[in-house]
Amino acid sequence: MNNKIKIGIPRALLYYKYFPFWKTFLEKLGLEVITSDETNKEILNEGVKITMDEACLSIKVFLGHVWDLIDKVDLLFIPRIESVEKNHFVCTKFLGLPDIVRNTIENTPPILSCDIDFNKRSLYQSMFSLGWELCHNPFKIHWAYRCAKKEQQNFEKIMQKQARTPIETIEFMESGRVKKERKKGGLKIALIGHPYNIYDNFINMGIIRKLEEMDVAVVTPEMLSHDKILKEAEKAQNELYWTYEKEIVGASHFLVKRVDGIIFIISFPCGPNSLTIEHAIRQIKNRIPTMTLVIDEHQSQTGIITRIEAFLDLIRSTKNKK
Amino acid sequence: MKCAFPHMGNYHIAFKALLENLDLEAVVPPPITSRTIELGCKHSPEFACFPFKVNLGNFIESLDQGGVDILLQSGTLGACRYGYYGAVHRKILEDLGYKFKLIKPFGDYKLRTVYRNFKSLKKELTGLKILHAFRICWAKIKTIDEIEHLVRKIRAYEVNKGETKKIHQEFLKQLDKASTIPEIKLVRQNFLKRFDSIKKNLTKKRLKIGIVGELYVIMEPACNHNLEEQLQEMGVEVNRPLCLTELIRHGLHFESKKSLRKIARPYLQYEIGAHAIDSVAHTIIFAQEGFDGVIHLKPHACMPEVSAQAALYRVSRDYHIPILFFSFDEHTSPTGIQTRLEAFVDLLWAKKH
């Protein structure tokens, strides 16, 4: 009989960034990690129904995933993140995430949270106090942290070296199955946005697969060296203080000379994106064709396909002229 | 050197005094009209927040007057979008072909940055002079807030309609003229007396409504379609705890936010950015003090206030206090606001009887 405590991690928001880290850490401390299903119609509809109407699509999806987990788990893992880099912040929605969930959904299982704030304490300290709530063995917590960190580094290395998406990498790390090689040749298009928008195949209608079907090689910020894009971002917009925005801005500047076109994906109405992507596009100007896709819960598949096709046609025709 | 800054309520009087005491020429942008908002929206990203668009409109209008070479934009540290306004404004205005320098004088609110930034505006400035200018600015801000707090309290009870508003306008003019601290104190005393002598009918029953929300839209009447005034004309006593004095006190740690955090704790375990905790804490305080209702204002899709909204729904349920939510952007129509306000006030009366 399996009597491990089940802890749920919603498959949304920062799942696409830190899942291997969280999973390893929690599993090493003797919990069973359960993720919600992949985003589907039911999850999205429920999320839209329960969330306050002006929250961004990503938050709605997140709450849908939490709803999906309610009956399946004993504990929910929702970290509160204020900063992941010194003197920088992340979007305010991550600051209040446990509170938003607690206030919106009444009958949630107890929420396990940790306060990650690099301006005040190190990641080790935050994770240690989280581990302390689960077991009172400092050596075990230390060991779990080390394993988790290693796993996370491995995860990022695979993504960058083999140009894989986080989903493919997580699958690869769990089952060892290697999916077919990433497409090369043809047009090279950068797909830039928050990881929870570009890799969630339901809310963006599987845009990566669609692009690859149209004979396009896709590059995303996660496939690039993290340090390089942060440096690029500091050069371009030195006042920027959101780390995740810096990744987006940095990646777009880094890729300007290396790809044929950039597609920005924004979830409606993302706060930080609304300013930073505008800024980035104004800086890129006419050096390269860009397109902004704003996704929300009323999106239709045809609408996205039409726009992608038009964008690709435009790039191909300008390329042929040259 | 001509400096322009964006509007916020009546505080332009204080900002003007600050700049003039630094021997800089202050340009107060034309008052916010529908044209300002239209201009701002035309050049702003689609779903940037409303204050961003209005501030941009202010800048464009003041640059169009000619001669302005420095734009001032306050910048706050914190995860909200407000701190990033400056950078995007600069880029948009540069793309429009204006020649100017945009400075965030307060930067990260460290004494050294403030000093350096003002020094970069004008070399002859000394620390003492900057300090003096800030003292006058601070005195004016405090006086404005004190008087406006009083106005909100008494206006619903006045016998001769419009009297309070008239004296308030006069007060603003007088305060603008006052240039030293004793003069400001004199103006304050004079007007406290004058407000005291207004004929009031205190026996009449009035509704009491608290206003909470995002700082810019609650402080700028042009953006919330004079919501406070509309309420007062319907005979409602309005209370709005959030004002620039309080913001500065909290921002500079003159006064700890701990007590507010403690009140909001059952709903918000963590800080959720900007002043969203204040909204929740003040709503709870209003409920405990027996207010009839609360109005929550925010620009469309304001990041921290949307998070606060989730908590406010629960506060409303737990404390049985009605909350009306308004969200402002360029498409908000004054008639819509008025209708909803009237309906809200009617419902509150029905609940009271």
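The basis for the numbers below is simple: all heavy atoms, side chains too, and nothing from hydrogens, waters or symmetry mates. Because the structure is predicted, anything quoted here is derived from the model rather than measured. All chains are named by letter (A, B, ...) in the order of the sequence lines, taking the proteins before the strands, and each is independently numbered beginning at 1.
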message: Please classify the contact of Glu106(A) with chain B as side chain, backbone, both or neither, using a heavy-atom distance under 4.5 Å.
response: side chain

query: Going by the angle between their ring planes, with limits at 30° and 60°, are His300(B) and Phe268(A) parallel, tilted or perpendicular?
result: tilted

- request: Enter the distance from Glu278(A):CD to His43(B):NE2 here, rounded to the nearest 0.5 Å.
  value: 11.5 Å

query: Between OH of Tyr313(B) and OG1 of Thr104(A), what distance do you get to the nearest 0.5 Å?
result: 9.5 Å

query: What part of Val294(A) gets closer than 4.5 Å to chain B, counting heavy atoms only: side chain, backbone, both or neither?
result: side chain

message: With chain A as the partner, which of Gln309(B), Glu271(B), Lys298(B) has the greatest number of non-hydrogen pairs under 4.5 Å?
response: Glu271(B)

- prompt: Considering only heavy atoms, which portion of Ile266(A) lies under 4.5 Å from any heavy atom of chain B: side chain, backbone, both, or neither?
  reply: side chain

message: Could you report the tightest heavy-atom contact between Thr92(A) and Cys80(B), atom names first, then the distance?
response: CG2-N, 3.8 Å

- request: Look up atom CG in Leu275(A) and atom CD1 in Ile92(B), then write down how far apart they are to the nearest 0.5 Å.
  value: 8.0 Å

task: Using non-hydrogen atoms and a 4.5 Å limit, figure out which bit of Pro266(B) sits close to chain A: side chain, backbone, both or neither.
output: neither

Chain A contact via Phe325(B) - which portion, at a heavy-atom distance below 4.5 Å: neither

message: Between Arg102(A) and chain B, with a heavy-atom cut-off of 4.5 Å, which part of the residue counts as in contact: side chain, backbone, both or neither?
response: both

- prompt: With respect to chain B, which residue among Val90(A), Ile281(A), Leu240(A) yields the maximal number of heavy-atom pairs within a distance under 4.5 Å?
  reply: Leu240(A)

task: With a 4.5 angstrom heavy-atom cut-off, could you sort out which part of Glu54(A) is near chain B: side chain, backbone, both or neither?
output: both

query: Between Ser274(A) and Arg81(B), which heavy-atom pair has the shortest distance, and what is it?
result: OG-NH1, 3.2 Å

- prompt: Has the side chain of Asn103(A) got a donor or acceptor atom that lies under 3.5 Å from a matching backbone atom of Tyr267(B)?
  reply: yes

query: Among Leu95(A), Thr276(A), Asp99(A), Ile59(A), which has the most heavy-atom pairs under 4.5 Å with chain B?
result: Asp99(A)

Part of Tyr270(B) within contact of chain A (heavy atom distance under 4.5 Å): both

statement: Here the pair of heavy atoms bringing Met303(B) nearest to Lys93(A) is O-CE, 3.5 Å

statement: Checked Ala301(B), Cys302(B), Pro304(B) vs chain A; the most non-hydrogen pairs under 4.5 Å come from Ala301(B)

task: List the atom of Gly96(A), the atom of Ile272(B), and the distance in Å for their closest heavy-atom pair.
output: CA-CG2, 3.3 Å

- prompt: How many angstroms lie between CZ in Phe47(B) and CG in Asn273(A), if you round to the nearest 0.5 Å?
  reply: 7.5 Å

task: Would you please say whether a donor-acceptor pair under 3.5 Å links the side chains of Gln237(A) and Tyr84(B)?
output: yes

